[in-house]
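Here it is, the structure in full.
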Amino acid sequence: EENKLLITYNFDHAAIVGEGVAIDFWLVDEMNREVARDLDAFTLQKEGIIKRTFVLSIPEFRFPLVPAVLFLQIFGPRF
């Protein structure tokens, strides 16, 4: 069974050129081992702030994932 991490964020695409963007989320444990990774890709269809909700599935582990760090990386052409 997988646990799920609900990620809600606001994305301001004012400095992004193009029609779409992909944001890579990944979670690491205290030993800096990658635990989960997934991509949130979407089109830029409106102006202003875009509210996004994304679910990152986290597999079960025998050891605790605390403290853990969530990273993100934005892909796409920028100014």
Side-chain angles (χ1 to χ4, degrees):
E1 182 177 318
E2 292 185 329
N3 295 316
K4 302 203 182 292
L5 176 63
L6 179 64
I7 302 165
T8 301
Y9 64 99
N10 295 323
F11 186 80
D12 182 359
H13 63 85
I16 304 292
V17 176
E19 297 179 2
V21 68
I23 301 178
D24 192 18
F25 290 94
W26 67 97
L27 185 69
V28 298
D29 65 10
E30 67 276 358
M31 301 295 290
N32 205 30
R33 294 175 294 210
E34 186 175 304
V35 174
R37 180 184 291 252
D38 207 348
L39 192 68
D40 184 24
F42 54 95
T43 58
L44 304 175
Q45 297 181 355
K46 63 180 185 175
E47 295 187 25
I49 305 293
I50 300 171
K51 185 171 182 173
R52 299 288 300 169
T53 300
F54 180 74
V55 177
L56 182 64
S57 294
I58 305 168
E60 290 286 333
F61 285 90
R62 293 183 205 149
F63 53 89
L65 294 177
V66 177
V69 180
L70 178 67
F71 293 95
L72 66 91
Q73 182 175 3
I74 300 172
F75 298 98
R78 291 181 272 177
F79 286 124

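No hydrogens, no waters, no symmetry mates; every other heavy atom, side chains included, goes into these values.
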Inset, instruction - May I ask you to test the F54-D38 pair for a side-chain heavy-atom distance under 4.5 Å? - result: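 Result yes, sub-4.5 Å side-chain heavy-atom pair found.
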Legend entry - Shortest non-hydrogen contact from A36 toward S57: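 Taking A36 first and S57 second, the nearest heavy atoms are CB-O, 3.4 Å.
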Inset, instruction - Using the rule that two of Ile, Leu, Val, Met, Phe, Trp, Tyr join whenever any of their side-chain heavy atoms come within less than 4.5 Å, decide whether I49 and I7 are in one cluster. - result: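 Each belongs to a different hydrophobic cluster.
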Legend entry - Residue list, side chain to side chain donor-acceptor pair (under 3.5 Å) with T43, at least two apart or on another chain: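 With sequence neighbours excluded, T43 shows a side chain to side chain donor-acceptor pair (under 3.5 Å) to Q45, given in chain and number order.
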Inset, instruction - Return the set of residues passing side-chain contact (heavy atoms from CB on, under 4.5 Å) with L44 (not counting sequence neighbours), or none when no residue passes. - result: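 side-chain contact (heavy atoms from CB on, under 4.5 Å) list for L44, sorted by chain: F11, H13, I16, V21, F42, I50.
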Inset, instruction - Check R37 against L56 and note the closest heavy-atom contact, atom names and distance. - result: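 It is C-CD1, 3.9 Å.
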